[in-house]
Amino acid sequence: MPMGHTATAEAGSGGLTATEHRLANGLRVVLSEDHLTPVAAVCLWYDVGSRHEVKGRTGLAHLFEHLMFQGSKQVHGNGHFELVQGAGGSLNGTTSFERTNYFETMPAHQLELALWLEADRMGSLLSALDEESMENQRDVVKNERRQRYDNVPYGTAFEKLTALSYPEGHPYHHTPIGSMADLDAATLEDAREFFRTYYAPNNAVLSVVGDIDPEQTLAWVEKYFGSIPSHDGKQPPRDGSLPERIGKELREVIEEDVPARALMAAYRLPEDGTRACDAADLALTVLGSGDSSRLYNRLVRRDRTAVAAGFGLLRLAGAPSLGWLDVKTSGDVEVPVIEAAVDEELARFAAEGPTPEEMERAQAQLEREWLDRLGTVAGRADELCRYAVLFGDPQLALTAVQRVLDVTAEEVQEVAKARLRPDNRAVLVYEPVSTEDEDAEDAEDTGAAAETAEEEEAAK
C-alpha cells in the first residue's frame with residue numbers, strides 16, 4: 001500500500017519535536033527522535049474504551065485488553081511477553097473510559113520486533129481467539145475485580161462516585177472494570193465483533209519515540225501494518241455532555257469494614273483540552289496536592305482531624321472531568337467535622353483565589369510533572385497518542401506545559417467559584433461497621449481460649 005506522508009511543522013517544549021504520517025489504511029503514525037539513550041518506545045492507542053460499551057456488556061473493552069496478550073497468528077500463548085522481555089524490553093496495556101493502549105519500551109536495536117508484534121495481533125488476533133483463551137481471561141479479569149475493587153477497603157468508591165456523578169444511561173456511568181454479571185454474559189462472538197469493530201488501523205494511533213531512524217521506522221511500519229485492512233463499522237461514542245453543574249448534592253452513606261471514616265467527593269469540572277480544565281487542575285493542586293496544600297495543612301497539620309487529605313483531577317475529554325476529593329479521618333473524628341472544614345476552605349479559596357506564591361508553586365509542580373512525562377520516551381509516546389486520539393493533534397502534547405503556565409490566578413479563582421461548591425458534587429461517606437458484636441465475639445473467643453489453656457495446664 002502507498003504511504004500518505006504529512007510531516008507536521010516542528011513544535012516543541014524543551015526542543016522536543018514530532019512528525020505525523022498516515023498509511024493508506026488510515027493508521028496514524030507519530031515519530032519523535034531522541035538520541036539521548038539507546039532505547040525506543042512504541043505506543044499504540046485504540047480509540048475505544050468503556051464509553052463505547054452498551055448496557056449489558058460493560059467491561060468488554062478491559063476484557064479485550066487482556067485477550068490481546070493471549071496470542072495471535074504467529075505468536076502463541078504468552079509469546080508476546082516472552083519475546084519482548086527476552087529482548088530486554090518491558091510492556092503492558094491499560095484501559096480507560098476513552099481509550100485502550102498497548103506499549104513497549106525496547107533497546108533501540110529491537111524496535112522492529114515490537115512493531116512486528118503489535119502489527120501481528122492487530123492483523124491476526126481473531127485467528128487465535130477461542131473459547132479457552134476467552135474463559136481464561138474472563139477469570140483473570142473477574143479475579144482482578146475482586147482483588148482491586150470488591151475485597152479491599154474503599155475499593156468500590158471510584159465505581160460508586162462515577163455512578164453518582166454521571167446519570168443512568170450516560171456513557172461514563174460505569175467504570176472500565178465492568179460488572180461481574182456482564183463479564184459472565186460476554187460471549188466469544190461478542191469479543192470477535194468487538195475486535196472487528198474497534199481494532200482496525202483507521203481507529204488507532206501508533207507513536208514511536210526514542211533513538212530511531214525515522215525513515216527506517218516508517219519502512220517497518222509500512223511493511224508490518226500497511227496490509228491490514230481498515231474497518232468502517234465503528235459507531236461514534238454516545239454524547240457525554242452534561243450541564244456545568246449537577247444542581248444539587250448527591251450523597252450516599254456506606255457502612256463497611258474500613259479502617260477509618262472517610263469523606264470522598266467528585267466535583268463536575270470542565271472537559272480536558274480546555275483552558276478551564278487547566279485552571280481547575282491548578283485549583284486542585286493548590287487545594288489538595290501534597291503536604292503544602294491548603295487541605296492538608298488545615299486537616300492534617302493544624303486540626304489533626306485527618307490522617308490523609310488529597311484533591312486531584314480526573315481529566316476526561318468526552319464528558320465533564322471530575323475533581324476527586326479523598327479524606328481519611330483521624331481517630332474518632334466524625335465526618336461532619338471534616339466536611340465543614342473542607343467547605344470552609346473551598347469557600348475561602350473561591351472568595352480570595354490563590355496567592356501569588358501558591359500559583360507559582362502549583363504551576364511549577366504541574367510543569368515538573370509534564371516535563372517528567374515528556375522527558376521519558378515512554379511518557380512522550382503516550383502523550384503524543386493521547387493528543388492525537390482525543391484532540392486530533394499530537395503536537396498539542398509538546399505545548400501543554402506552556403498552556404498551564406499561561407493560566408492566570410483570576411481564571412483559577414473563577415473555576416473554583418463556579419464549580420467547587422456543594423450543589424455540584426457527589427459525596428460518599430464511609431462509616432466503619434459497628435464493632436459491638438465483634439467485640440463481644442472477641443471477648444467470648446478470648447474467654448474460651450483462656451479456659452482451654454487452663455484445662456490444658458491442669459491436665460499437665
Checking Y224 against E112: is there a side-chain donor and acceptor pair closer than 3.5 Å? yes
How are the rings of Y199 and Y46 set relative to one another: parallel (under 30°), tilted (30 to 60°) or perpendicular (over 60°)? tilted
Between atom CG of L322 and atom OG of S165, what is the distance when rounded to the nearest 0.5 Å? 5.0 Å
Does a side chain donor of either E159 or T156 reach within less than 3.5 Å of an acceptor in the other side chain? no
Can you check whether L111 reaches V208 side chain to side chain, under 4.5 Å on heavy atoms? yes
Side chains of D190 and T187 only: does a donor on one sit below 3.5 Å from an acceptor on the other? yes
Donor-acceptor under 3.5 Å (E345 side chain, R298 main chain): no
Tell me yes or no: between the side chains of S289 and Q365, is some donor less than 3.5 Å from an acceptor? yes
N/O donor-acceptor pair under 3.5 Å between N143 side chain and R146 backbone: no
Give a yes or no answer on whether the side chain of S207 reaches the backbone of A381 with a donor-acceptor pair at less than 3.5 Å. yes
Using distance alone, with no hydrogens and no angle criterion, decide if N25 and S230 have a side-chain donor and acceptor under 3.5 Å apart. no
State whether the side chain of E33 and the backbone N or O of L16 hold a donor-acceptor pair below 3.5 Å, judged by distance alone. no
Does the side chain of F103 come within less than 4.5 Å of L91's, by heavy atoms? no
Between R304 and S330, is a side-chain hydrogen bond (donor to acceptor under 3.5 Å, both in side chains) present by the stated rule, with each step listed? CA-CA 7 Å; R304 298 185 179 182; S330 175; over 6 Å; no
Ring-face cation contact, Y149 with R145, 6.0 Å cut, 45° max: yes
Atom CD of residue position E144 - does it have more than 12 heavy atoms of other residues, nucleotides or ligands inside 6.0 Å? yes
Aromatic Y154 / basic K328 pairing, under 6.0 angstrom, 45° off normal: yes
Using the ring of Y296 (Phe, Tyr or Trp, six-membered ring only), decide whether R302 places NZ or CZ under 6.0 Å from its centre and within 45 degrees of its axis. no
Could you check whether any side-chain N or O of Q70 sits under 3.5 Å from a backbone N or O of G77, counting only pairs where one atom can act as donor and the other as acceptor? no
Flag for H80-E82: side-chain donor and acceptor within less than 3.5 Å: no
Do the side chain of Q137 and the main chain of M134 share a donor and acceptor less than 3.5 angstrom apart? no
When you compare the side chains of D406 and Q402, does any donor N or O come within less than 3.5 Å of an acceptor on the partner? yes
Looking only at the side chains, is there a donor atom on one of H52 and S50 sitting less than 3.5 Å from an acceptor on the other? no
Evaluate whether atom CD of E132 has more than 12 neighbouring non-hydrogen atoms of other residues, nucleotides or ligands under 6.0 angstrom away. no
Side chains of T376 and R380: donor-acceptor distance under 3.5 Å anywhere? no
Give a yes or no answer on whether the side chain of S321 reaches the backbone of L316 with a donor-acceptor pair at less than 3.5 Å. yes
Say whether, by atom type as modelled, one donor and one acceptor occur between the side chain of T305 and the main chain of I338 under 3.5 angstrom. no
Within the side chain of R28, is there an N or O that forms a donor-acceptor pair under 3.5 Å with the backbone of G392? yes
Could you check whether the rings of W324 and F158 sit parallel, tilted or perpendicular, using 30° and 60° as the cut-offs? tilted
Could you verify whether a donor N or O on one side chain and an acceptor N or O on the other, from T58 and D182, lie under 3.5 Å apart? yes
Do M359 and V412 come within less than 4.5 Å of each other through their side chains, counting heavy atoms only? yes
Checking T94 against R99: is there a side-chain donor and acceptor pair closer than 3.5 Å? yes
Can you find a pair of side-chain heavy atoms, one from E256 and one from P153, that are under 4.5 Å apart? no
One thing to verify: whether K234 and D47 come together as a salt bridge, which I'm taking to mean a side-chain N less than 4.0 angstrom from a carboxylate O. yes
Hey, could you give me the CG/CD distance between L83 and Q85, rounded to the nearest 0.5 Å? 10.0 Å
N-O pairing of E244 and R268 below 4.0 Å: no
Please confirm whether the backbone N or O of P320 pairs with a side-chain atom of Y166, one donor and one acceptor, at under 3.5 Å? yes
Of E53, K55, R51, which meets side chain to side chain donor-acceptor pair (under 3.5 Å) against H174? E53
Roughly how far, to the nearest 0.5 Å, is CE of M122 from CD of E118? 8.0 Å
Nearest 0.5 Å, what's the CZ-CG distance between F69 and N78? 10.0 Å
Tell me whether E98 is salt-bridged to R315, with the criterion being a basic N under 4.0 Å from an acidic carboxylate O. no
Residue pairs passing the side chain to side chain donor-acceptor pair (under 3.5 Å) test with at least one member in residues 382-392, sequence neighbours excluded, are W45-D382, N101-D382, D272-R386, R373-E383, E383-R386
Hey, can you tell me if H170 and Y172 have their rings parallel, tilted or perpendicular (30° and 60° cut-offs)? tilted
Give the intermediate values and the outcome of side-chain contact (heavy atoms from CB on, under 4.5 Å) for residues L115 and L206. CA-CA 9 Å; L115 294 172; L206 171 70; 4.1 Å; yes
Does any non-hydrogen side-chain atom of S32 lie less than 4.5 Å from one of L384? yes
Residues in ring pair (Phe, Tyr, Trp, His ring centres under 6.0 Å) with F311, at least two apart? Y267
Does some side-chain heavy atom of Y102 sit less than 4.5 Å from a side-chain heavy atom of E65? yes
